[in-house]
Amino acid sequence: MGTQIVPSGSFVVGKKSEQSLVAHLGSCVGLTLVDRQSGVGGLHHILLPSPTGADTVFEPATYATTGVPLFLEKICSSGAAEERLEAIIGGGALVGPVSELDMVLNVGGRTAEAVQSFLEREGIMVLRSETGGFFGCKISLDLHSLETRLDPMLQEEGEVDAHHEILSPSEVEEAIRNVQPIPQIALKIIMMIQEDDYDMEDVAREVRQDQVISAKVIRLCNSAMIGLRSGVDSIDRALIALGEKRLLRLVVSATVETMFPESARGYSLCKGGIFQHALGTALVAGELAAFTGLSRPDVVYTAGLIHDIGMIPLDQYVAASAPFFYRNMKETQRGICELEKERLGVTHPETGALLGEEWELPPNLVDTIRYHHEPAAAEVDLELVTLVYLADLIMSRFRVGQGLVSTDGQALEENLRRVGLRPDQFPELVERIPRNVFQAAHLA
Ligand SMILES: [Fe+2]
Ligand SMILES: [Fe+2]
């Protein structure tokens, strides 16, 4: 049976078929509507409760208040009768460790409420509504049976606590040594960005000479997350479509990608999940820099790209005790670093900082790696670290691709203020992120 992923901010309607529609929900809300008699069903993946006006490219399906009416219209025009519709609602979780502010903002909860009240007004029967909670879920609609399933996004129960090892300092060192060195071209670009002194010809020459990297850059240009409208088939075209600086960002991203593990067993729940998280965080961080006018967007982008590199050497160890991590984060709501400390004896920020020093990355980037879960402790560039912290938080709240990447939200308010933002601007901030950054989850 085929599976069609429904990205956030969109809906899919279908007739009886062997297909199923699936959405992975964190703070997002999933709504299925079915009419058994006519055999029509659909799934809507909703990101936010209602528009605030900051959405520059207004996409109505993103919101409950503007999207659900369109979804309803579509399903009725596909042959369903409104009076026979049955609805099931899921998602709207507070993902990760939750602060009081999260409770107050409760974006997911408000989205679910907006969906509920619309259905109520329309007199549509809600068979089941499982929203809220602290962990993401998968909603799927089988278009053959027209049944909706809600499955918690947990790994297999049962294989708990299979493995438990505290790493000694020499084991950590060895794990770091086993990471392949950062590609020279990545380092070169990072330094160019750092020093604000660009030699594009030099980079272009190197990229053209390296088949693997050019192919990767082109693939990245055409990926859902970057979302270029026209197809790119050469570095020259990429340069035209993106301009020098954006192309440079993609080159550094593509080279960094080669270093991330592809497994779906450790920190990430899907193949390539850690890199997807890194790229998404970089894109969001760059937006935040532009939005706040603090720090240079390109520097913030690279910091976002590499903030979790400590996961590279630790991934294999986390894979061994992944179910423990999932269960514990869910049950005790403890942060990832606390669990790493308990389980492995080291955290990914600590390990990443060591790796960054080994590569001789600039001090502000090592600072970001070391303190991105506790920005107040930053030693070199408080604003940079805070921007990456916020980008990381936005990525982990609104995408569920990587279950273990969750940021401690206790200090969200304080951190927003540090970069000159009010907590009530948070939803607006989320809204400014290009939609495809969220939509690309699981697909890339
Ligand atoms: Fe992290
Ligand atoms: Fe992260």
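Note that ligands are numbered from 1 as they come in the structure, with each ligand's atoms numbered from 1 the same way.
At least one N/O/S atom of His348, from backbone or side chain, sits under 2.8 Å from the Fe ion (ligand 1). Not one N/O/S atom of Asp392, from backbone or side chain, sits under 2.8 Å from the Fe ion (ligand 1). Among the backbone and side-chain atoms of Cys337, none of the N, O or S atoms lies under 2.8 Å from the Fe ion (ligand 1).
Pro49 and Ala114 make their closest contact through O-CB, 4.4 Å (heavy atoms, listed as atom of the first residue, atom of the second, distance). The two atoms that bring Val232 and Ile218 nearest to each other are O-CG2, 3.3 Å, heavy atoms only.
Here the N, O or S atom of His277 that is nearest to the Fe ion (ligand 2) is NE2. Nearest N, O or S atom of His307 to the Fe ion (ligand 2): atom NE2.
Geometry note: the Fe ion (ligand 1) is the vertex, His372 NE2 and Asp308 OD1 are the arms, and the angle is 90° (rounded to 10 degrees).
A salt bridge does not link Arg249 to Glu244: none of the charged side-chain nitrogens sits closer than 4.0 Å to a carboxylate oxygen. Under 4.0 Å is where a charged nitrogen must lie from a carboxylate oxygen, and between Arg418 and Glu414 at least one such pair does.
Among Leu365, Leu361, Ile189, Asp298, the single residue meeting the side-chain contact (heavy atoms from CB on, under 4.5 Å) criterion with Gln194 is Leu365.
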